[in-house]
Amino acid sequence: MSLASPCASHRGSSLQNEPEFLSIVQILEDQQANLMTTDVFDDALVRVRNYGEAAGISSEVLDLLMHANSLVQASLPVRMDDGSTKYFTGYRCRYNSTLGPTKGGIRFHPGVSMAEVQALALWMTIKCAVAGLPFGGGKGGVIVDPKALSPMELERLSRAYMRAMADVIAPQTDIPAPDVYTNARIMGWMMDEYEAITRTKAPAVITGKPVRLGGSLGRDDATGRGAFLCTQELARRRHLIPAETTVAVQGFGNGGYHAARLLQEAGYRIVAISDSRGGIYSPDCFDVASIFEIKQQSRRVQGVYCDQSVCELVAHETISNDELLALDVDVLIPAALGGVITKHNAGTIKAPYIVEIANGPIMSDADAILEKKGTIIIPDVLANAGGVTVSYFEWVQNLQGYKWSLNQVHERLGDVMTSAFSEVWDLAGEKGLSVRNAAYATALQRIGEAIDAQGTRDYFRQ
Ligand code: GLU
């Protein structure tokens, strides 16, 4: 493996042969803990209320969006390998279905809570509307440390989740997908369980499945690709030259890794990368594909370069996740935890541009501090919408029984992302709003018009 020119994107083409999905253990290792507090739902509601009022959205629409349509909590009994039974708590929230069936992932994490699931489902509602998809927002989760389960226990838990939620999940009702610590294989188990319950073939019931079970080509790197496309659009408008643009990526899971890889292939300088155990920084920049390959073996980003005796080739510093956030880089990409930038550390952020791949990495109280500094933030509801957009393509293909080529998926993802970006960016420019505010205004306008069309108090007064 050559690391002599770490900035060259010499490994790009070999990734065409990437496995359809990474091994469960590897995904579990890669994805990051989400440390959201129970305030996270209140924080999400504050943003909707503030941005909605500023955009002139009626109080009736905003009141409606202060509550989830439905929230199911279930106890999931799982037979463990030693014969005992453990009970896990699972949630599924259908936040708002005005624009279509609810859509959103299922996360397996010890930090899952009812408040977090609702916040994430609300953000899915906004995200689908920003991207112009015919979906409402939903989300699910199980309170579990999946790393502590055997593969068979993980399968039983996944099937137990679907058995508990099969009354609310359906191809035209609520369509799950992967999220933190879940992956294509888990979606495959859940689909199989759903089909066994309903005695039908129903691939459109879940997205992000293995390609052989009806998954879409291009779903695996869609979140990272969407964020990459947003960064390109941002660079075009701000006249950033890739070869002179430094990027720090916090989190090396599915979204962070693919975004970093695509940015490097386009010539950007990836100078810092981290995972849950810490990060590495080199002003000379890194070769992302090599780090990924070595991380597959060592399971951690820190020490990657030393493990393979290349410390001498690429001088680097080890840094903490907090230090990564405060680096003097051009583009900061938080792609790991929710709530990592708060009013306490917002003052330390130096990057003039932030592209949010994680859901909710910046709390609302940090927005004002960053805005004052002039930081331009491409918000999660736009920047990470690539995943749900290709999920939409997968659902459409499943309903049509017709498979798209990878080129078709990439082309259509490009269309959706660039037009969503332009609409939001232009509105921000016209009205003097932050990009996040403009994204929420766009989404709330669309949802509001649909709610009005169903009949509101004003409508009945006329
Ligand atoms: N979990 C992803 C998200 O937060 C994808 C959801 C989906 O594909 O439905 O956007």
Side-chain angles (χ1 to χ4, degrees), residues 21 27 31-32 34 36 40 44 91-97 99-109 112 116-131 133-142 169-171 173-184 186-187 190-191 203-209 214-216 218-227 230 251 253-256 258-259 334-338 355-361 378-398 409 413 416-417 420 439 443:
F21 52 82
I27 287 269
Q31 291 183 340
Q32 310 283 313
N34 187 312
M36 291 177 173
V40 65
Y91 301 101
R92 185 73 194 169
C93 175
R94 300 187 64 220
Y95 200 88
N96 187 280
S97 61
L99 294 181
T102 46
K103 185 84 192 81
I106 299 168
R107 65 174 53 181
F108 285 179
H109 191 272
V112 163
E116 185 194 78
V117 169
Q118 290 184 93
L120 289 160
L122 170 53
W123 292 332
M124 285 306 303
T125 308
I126 303 292
K127 193 187 302 183
C128 291
V130 169
L133 308 178
F135 285 140
K139 203 77 167 200
V142 178
I169 290 171
T173 309
D174 180 36
I175 307 133
D179 198 76
V180 171
Y181 286 175
T182 54
N183 61 10
I186 291 172
M187 298 305 109
M190 288 185 175
M191 181 185 84
V205 75
I206 205 158
T207 60
K209 306 175 287 291
S216 178
R219 177 63 184 82
D220 50 354
D221 71 359
T223 305
R225 188 173 292 273
C230 285
N254 184 274
H258 286 295
L337 312 167
V355 178
E356 296 183 329
I357 291 186
N359 283 311
I378 309 304
D380 49 3
V381 291
L382 172 62
N384 74 21
V388 71
T389 299
V390 178
S391 274
Y392 165 57
F393 297 161
E394 183 171 324
W395 180 74
V396 168
Q397 291 171 72
N398 294 151
V409 170
L413 175 62
V416 171
M417 294 306 300

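Here, residue 1 is the first one in the sequence, and each next residue gets the next number. Counting starts at 1 for both ligands and their atoms, following the listed order. Nothing here was measured: the structure is a model prediction, and the numbers come from that model.
Of all protein heavy atoms, the one closest to atom 8 (O) of ligand 1 is Ser391 OG, 2.6 Å. Ranking the protein heavy atoms by distance from atom 9 (O) of ligand 1 puts Lys103 NZ, 2.8 Å first. Among protein heavy atoms, atom 7 (C) of ligand 1 sits closest to Ala177 CB, 3.3 Å. When only non-hydrogen protein atoms are considered, atom 1 (N) of ligand 1 lies nearest to Asp179 OD1, 2.7 Å. Distance from atom 3 (C) of ligand 1 to its nearest protein heavy atom, with residue and atom name: Lys127 NZ, 3.3 Å. In terms of protein heavy-atom proximity, atom 5 (C) of ligand 1 is nearest to Arg219 NH2, 3.6 Å.
Counting only heavy atoms from C-beta outward, the side chains of Trp395 and Pro101 approach each other to under 4.5 Å. Looking only at side-chain heavy atoms (C-beta outward), Pro361 and Asp380 come within less than 4.5 Å of each other. For the pair Val388/Cys128, a side-chain contact is recorded, criterion being any heavy-atom separation below 4.5 Å from C-beta on.
Considering backbone and side-chain N/O of Asn384, none are found under 3.5 Å from N/O of ligand 1. Inclusion of Pro178 in the set of residues having an N or O under 3.5 Å from an N or O of ligand 1 is warranted. Checked against a 3.5 angstrom limit, the closest N/O atoms of Lys139 and ligand 1 fall inside it.
Checked by atom type, the side-chain pair Asp174/Thr102 shows a donor-acceptor distance below 3.5 Å.
The line from CZ of Phe135 to CD1 of Ile175 is 4.5 Å long, rounded to the nearest 0.5 Å. Note that the CG atom of Leu120 and the CD atom of Gln118 stand 10.5 Å from one another [nearest 0.5 Å]. With values rounded to the nearest 0.5 angstrom, His258 atom NE2 is found 9.0 Å from Thr223 atom OG1.
Interface of Met124 with ligand 1, defined as ligand atoms under 4.0 Å from a residue heavy atom, comprises 3 (C), 4 (O), 6 (C), 10 (O). The contact set between ligand 1 and Gly387, taken as ligand atoms under 4.0 Å from a residue heavy atom, comprises 8 (O).
Residue contacts with ligand 1 leave out Gly208, since none of its heavy atoms falls under 4.0 Å from the ligand.
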(message) Evaluate Val117 against Val112 for side chain to side chain contact (heavy atoms under 4.5 Å, CB included), listing each step before the verdict.
(response) CA-CA 7 Å; Val117 169; Val112 163; 3.9 Å; yes
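With a 4.0 Å heavy-atom cut-off, ligand 1 is reached by the side chain of Asn359 but not by its N, CA, C or O.
Between the side chain of Glu394 and the backbone N or O of Val390 there is no donor-acceptor pair closer than 3.5 Å.
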